[in-house]
Every structure is written in C-alpha cells, then in structure tokens.
Amino acid sequence: PCRKLSQAVDRGDILDAEPFLLDADECHETLLLKAQMAAARLAGRVAAGIEQMWPAALPQGAGSYWPRWSEQERVVDFTQSVDAVMRRIRAFGDLECTAAVNGISIYVHRARGWQQAHAAEPGALVHASNLAMVVAAADGLVAITEWSLFAPDATTARLR
C-alpha cells in the first residue's frame, strides 16, 4: 500500500494499494519482480490522483508482519517431500539455502525436483554430471544445478 506518513511505522492511513496474485511455484526472484512492478503501477496512480486520494485515505485494519526467517529455515531437509524441498529452495532463491549432501555442506542456489521411486537414503548423492548433482529426497529426486561450497556471492557452480 501507499500510505500517509505517520510517526509509527506502517500505521499511516492508506491512500491506495496494488494487490497481485502469487503462483503456487512462486520464487523469491519472481515475487520481488512482481512487487516492483506493482509498486510502479501504484506510484503512477497515486501521483495522478493524490488530490482525490488524500482526503479519502482509510485507516489500516488489523494486520501482522511475517517474522524474519531463521538460519534453520534456510536448511534443506531431504527427508521431506520433493515439493517441500523445492518450496524452500524457491523461497530463498538468490539468498540460497544450505544442504548436506553425503555429509558435505553446500549452498544451494537453484534446483529442479521430481517425484520418482528410489531406494537411496534421503540426502544421498545418486548421480553427478559435470557440476550438477542429483540428490535423493523422501519421495523423489532433486537436481541441484547451481551451488557453491561458499556463502552467497562467492564462487559458484552455474550451468549455462
């Protein structure tokens, strides 16, 4: 929303808002882009209609903030379903998740997963090709295609 300034954070009356839909497979990067595009549309509307919007501004109703994530929430747990693993990787995107693969900790930047029966232990490396690796999850496999042994913004392995 675009709001009037107030002494309290996020408490000023709302001039206008620009809601947008989230997809089931939304990721950090697409959410950021959608929010930026919505903000641009909102700014244009508010700039054009500020004289009418100012006196018609509405107080914000009850709301809450999403809590800041913990480092533990960035950890990929391969004992979970492929859907749960991929949701976590998409959520953190460029911020990267950490994962243990055959006992080695890596930073996961990008991956693709699919459901497939297998006999491997979750977290086991089942296939590697060049810099990509396929890791067993509870109900399928996860292909980690971009990863690093180092924290974000360090040297990474990226397939092109």
Side-chain angles (χ1 to χ4, degrees), residues 1-100 105-116 131-133 135 137-160:
C2 180
R3 62 180 78 239
K4 292 181 178 180
L5 288 178
S6 69
Q7 290 184 355
V9 175
D10 288 347
R11 294 290 180 239
D13 292 347
I14 296 176
L15 299 169
D16 195 5
E18 175 73 22
F20 55 90
L21 296 175
L22 299 179
D23 293 326
D25 65 345
E26 201 73 60
C27 68
H28 179 267
E29 291 78 21
T30 58
L31 176 59
L32 180 60
L33 293 169
K34 286 180 179 182
Q36 291 169 347
M37 292 167 44
R41 290 188 300 269
L42 177 61
R45 275 199 318 274
V46 171
I50 191 73
E51 290 180 12
Q52 296 80 25
M53 290 178 180
W54 194 265
L58 299 172
Q60 176 173 312
S64 63
Y65 283 91
W66 194 267
R68 178 164 168 78
W69 46 266
S70 68
E71 287 301 315
Q72 183 58 35
E73 289 173 304
R74 290 179 59 196
V75 176
V76 175
D77 180 359
F78 290 108
T79 65
Q80 294 182 330
S81 68
V82 169
D83 287 344
V85 168
M86 292 309 304
R87 185 171 33 257
R88 178 149 309 182
I89 293 170
R90 281 193 315 272
F92 286 97
D94 285 340
L95 300 175
E96 298 184 347
C97 290
T98 59
S105 184
I106 63 170
Y107 292 91
V108 178
H109 185 76
R110 197 160 331 279
R112 299 290 296 209
W114 61 92
Q115 293 179 338
Q116 178 179 324
L131 295 175
M133 60 181 91
V135 179
D139 64 348
L141 302 170
V142 177
I144 300 173
T145 56
E146 295 182 28
W147 60 275
S148 175
L149 293 172
F150 306 101
D153 297 326
T155 304
T156 59
R158 296 185 187 255
L159 294 178
R160 302 265 181 227

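Atom set for the values below is all heavy atoms of this structure, side chains included, hydrogens, waters and symmetry mates excluded.
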Over all heavy atoms of both residues, which pair between Glu96 and Tyr107 is shortest? Give the atoms and the distance, please. OE1-CB, 3.2 Å

For Glu18 against Arg45, the heavy-atom pair lying closest together: OE1-NH1, 2.5 Å

Nearest 0.5 Å, what's the CZ-CD1 distance between Arg110 and Ile144? 13.0 Å

How about Glu51: does its CD atom have over 12 heavy atoms from other parts shown lying under 6.0 Å from it? no

Heavy-atom check, side chain of Asp77 versus side chain of Val75, under 4.5 Å: no

Heavy-atom donor-acceptor pair, Asp139 side chain to Val82 backbone, under 3.5 Å: yes

Which heavy atom of Gly12 sits nearest to which heavy atom of Ser6, and what is that distance? N-OG, 3.2 Å

So, for Leu15 and Trp54, which heavy atoms are closest and what is the spacing to 0.1 Å? CD2-CA, 3.8 Å

If the condition is salt bridge (charged side-chain N to carboxylate O under 4.0 Å, His left out), which residues does Glu26 pass it with, not counting sequence neighbours? Lys34

From CD (Glu29) to CZ (Arg90), nearest 0.5 Å: 11.5 Å

Using a 4.5 Å cut-off on heavy atoms from C-beta on, say whether the side chain of Phe78 contacts that of Val85. yes

Give a yes or no on this: more than 12 heavy atoms of other residues, nucleotides or ligands lie within 6.0 Å of atom CZ of Arg41. yes

Nearest non-hydrogen partners of Ile14 and Pro1, listed with the distance: CG2-CB, 3.9 Å

Distance (rounded to the nearest 0.5 Å) between Leu58 CG and Lys4 NZ: 9.5 Å

Restricting to non-hydrogen atoms, name the atom on Ala111 and the atom on Ile89 that form the minimum distance, rounded to 0.1 Å. CB-CD1, 3.9 Å

How about Phe20 and Leu31: do any of their side-chain heavy atoms sit closer than 4.5 Å? yes

Is the number of heavy atoms from other residues, nucleotides or ligands under 6.0 Å of Leu5 CG greater than 12? no

Find the distance between CD1 (Ile50) and SG (Cys2) and round it off to the nearest 0.5 Å. 6.5 Å

Flag, side chain of Arg87 to backbone of Ala24, donor-acceptor distance under 3.5 Å: no

Tell me whether Asp23 contacts the main-chain N or O of Asp25 through its side chain, where contact means a donor paired with an acceptor under 3.5 Å. no

Close side-chain approach of Asp94 and His109, heavy atoms under 4.5 Å: yes

Taking the side chain as everything from C-beta on, heavy atoms only, tell me whether Ile106 gets closer than 4.5 Å to Leu149. yes

Main-chain N/O of Leu131 paired to Trp147 side chain as donor or acceptor, under 3.5 Å: yes

